[in-house]
Amino acid sequence: MSGVARLLFGRRARLRWIHLILGGALAVPYVLVGSVVVGPATGADDVFGNLPLQLASFGLGLPLAALTSLFPLTRPLESAAVRWLCGVDADRLALGPAGTRGEKGRTAAWFTLHLGFGGVIAGMSLALPPFAVTLIALPVLAAVRGDRLGLPEVLDDAWVLALAPVAGAASLVALAGCAAGCGALLARWAPRLLGPTHRERLAAAEARAADLAVRNRLARELHDSVGHALSAVTLQASAARRVLDSDPEFVREALAAIEDTTRRTVGELDAALGVLREGDAPGTAAAPTLAADLDGLLRRTRAGGQRVSAAVDADPEALPPLLSREAYRIVQEGLSNALKHAGERAAVEVRIAVAGGDLEITVENPVTGPAPSRTGGGHGLRGIADRARLLGGTATAGPTPAQTWRLHARLPMTPMPMRGPA
């Protein structure tokens, strides 16, 4: 029973009732225009005193409503009202103006239904409650006054007076049921008539895909730059603390490397977050590249005590900018994994070479701690695989028979364009 009461009188039902009343209010001007035609055509002096003439005026006004629904603001306003009052999700509605002929036709159909149902429910809401209250109070008034109150003879019987309150309450319930039913029908039809077309859904999906690509790229940039910086700074600070009294020169170098690492990372962080700032274009600040920043990356890594050897059998200056940037990030992530898993003062080998038209990057180090994970927390390795795949290359990582961990990436020298900000 409570479910039925909530269906008829709950918050959602009340909001949909308001939506129908608004439709009835919007229908009033069109009914007035219709009455101007119906009155002279029938010779009636009082159109609104005759129910059939009222209905005729209402019927003539609805086609006019369909014509005015072609204004651009009709669909956005109706969609907003449906979203807030009928409880329809925003992603099922088209919030922009109707563009094509089909969209305009569906908007006209919706506007006509809204005003048609709204006019009927609004008229019932004005007429039925006073009638129902009169029926409910009829036995009491008859008993107090002691007469028939000028009522028809059919209401003179006692049993009729006894049933009058029941009929009054039933009419109110019927009004609530009609309003709830019409509101539910409009809420069900709204996505079909006001919802996005296939073309609009495709455009929205493409926009979401582009936004997701930007977010994924931002996540990779933040992970690679900030993650490596934190690993390097932690190792550098730990090494400096252990030799603070015995090797002041090393401490000075480590502190200088920490300063340089944090300064560069702040710049990279600002560049990565620039894609989220309104009005900033992606890539407003230069991203690090293999050509310009490899030496600094190796120097900062060595300052933490890591023994890094690098063999570069390629000309970084000759690499395409996109390839140079992504190659730098792959080397950075490889060194970051080595910092976390190879142990103190472990030997790390970096090899960069061109073979068969591809740029090959290898980072190899002994594993004395937990190996990097391919799943679960292995975001860095997944990021390397994503970078390589988007460039048309491949990347593998795993243990070797020599008890080392090897990261190997093979990138075409003419990479495919990457999706997302460059």
Point to revise | T362/I352 under side chain to side chain contact (heavy atoms under 4.5 Å, CB included): CA gap, chis, key distance, verdict | key: CA-CA 7 Å; T362 304; I352 303 173; over 6 Å; no
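- To the nearest 0.5 Å, atom CG of residue L391 and atom CG of residue D358 are 11.0 Å apart.
- Considering every non-hydrogen atom in both A338 and V348, the closest pair reads CB-CG2, 3.8 Å.
- Taking 4.5 Å as the limit, some side-chain heavy atom of F48 sits within range of a side-chain heavy atom of L32.
- Taken from OH in Y328 to CG in L294, the straight-line distance is 8.0 Å, to the nearest 0.5 Å.
- Between R325 and P288, the closest side-chain pair of non-hydrogen atoms is not below 4.5 Å.
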**Study point:** Stepwise salt bridge (Lys or Arg N to Asp or Glu O under 4.0 Å) check, R389 with D386
**Key:** CA-CA 5 Å; R389 186 182 66 255; D386 289 342; 2.9 Å; yes
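- A distance-only check finds no donor-acceptor pair linking the side chain of R16 to the backbone of A180 [under 3.5 Å].
- Side-chain contact between L186 and H19: present, with at least one pair of heavy atoms (C-beta onward) separated by less than 4.5 Å.
- Tested against V331 for a side-chain contact (heavy atoms from CB on, under 4.5 Å), the candidates I384, L407, I361 yield a single pass: I361.
- What you find for E78 and W110 is that their closest heavy atoms are OE1-NE1, 2.7 Å.
- Scanning all heavy atoms of the two residues, the minimum distance from S125 to I21 falls at OG-CD1, 3.8 Å.
- Evaluated for a side-chain contact (heavy atoms from CB on, under 4.5 Å) with S79, the options T107, L95, V88 yield exactly one hit, L95.
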Practice item. Output, in order, the C-alpha distance, side-chain angles, deciding distance and verdict of side chain to side chain contact (heavy atoms under 4.5 Å, CB included) for L175 and W17. Key: CA-CA 10 Å; L175 173 60; W17 201 334; 3.7 Å; yes
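- When the shell of 6.0 Å around CZ of F131 is examined, it contains 12 or fewer heavy atoms from other residues, nucleotides or ligands.
- With E103 contributing its side chain and T100 its backbone, the two residues share a donor-acceptor pair below 3.5 Å.
- The shortest heavy-atom contact between L15 and L85 is CB-O, 3.3 Å.
- Here the closest non-hydrogen pair linking P196 and D91 is CG-O, 4.3 Å.
- In terms of modelled atom types and a separation under 3.5 Å, the side chain of S69 and the main chain of A66 share a donor-acceptor contact.
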Exercise for review: List the steps, then state whether side chain to side chain contact (heavy atoms under 4.5 Å, CB included) holds for L193 with F111.
Suggested key: CA-CA 9 Å; L193 299 177; F111 196 61; over 6 Å; no
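- Contact annotation: the side chain of R351 approaches that of E364 to within less than 4.5 Å [non-hydrogen atoms, C-beta and beyond].
- Note that CG of L113 and CG of L185 are 9.5 Å apart. Values are rounded to the nearest 0.5 Å.
- A distance of 8.5 Å separates CG of L323 from CD1 of I330, quoted to the nearest 0.5 Å.
- Within 6.0 Å of the CG atom in D45, the count of heavy atoms belonging to other residues, nucleotides or ligands does not exceed 12.
- Side-chain contact check for T396 and H408: no donor-acceptor pair (N or O, by modelled atom type) lies under 3.5 Å.
- M413 is listed as a side-chain neighbour of V354, based on a closest heavy-atom distance under 4.5 Å.
- The closest side-chain heavy-atom distance from L62 to Y30 is not below 4.5 Å.
- A donor-acceptor pair is defined here as one N or O able to donate and one able to accept, closer than 3.5 Å; such a pair exists between the side chain of S57 and the backbone of L53.
- In this structure, T112 OG1 and L67 CG are separated by 8.5 Å, a value rounded to the nearest 0.5 Å.
- The neighbour count for F71 CZ, taken as heavy atoms of other residues, nucleotides or ligands under 6.0 Å away, does not exceed 12.
- Looking at L135 and V166, their side chains never come closer than 4.5 Å, going by heavy atoms from C-beta outward.
- Checking each of V363, N365, T400 against R406 for a side-chain contact (heavy atoms from CB on, under 4.5 Å) leaves exactly one that passes, namely T400.
- With S324 contributing its side chain and L290 its backbone, the two residues share a donor-acceptor pair below 3.5 Å.
- Nearest heavy-atom pair across S35 and P40 is O-CD, 4.1 Å.
- You'll find the side chain of L335 reaches within 4.5 Å of the side chain of L297, heavy atoms only.
- A donor-acceptor pair under 3.5 Å links the side-chain atoms of R75 to the main chain of P97, judged by distance alone.
- How far CE of M124 is from OG of S171: 9.0 Å, rounded to the nearest 0.5 Å.
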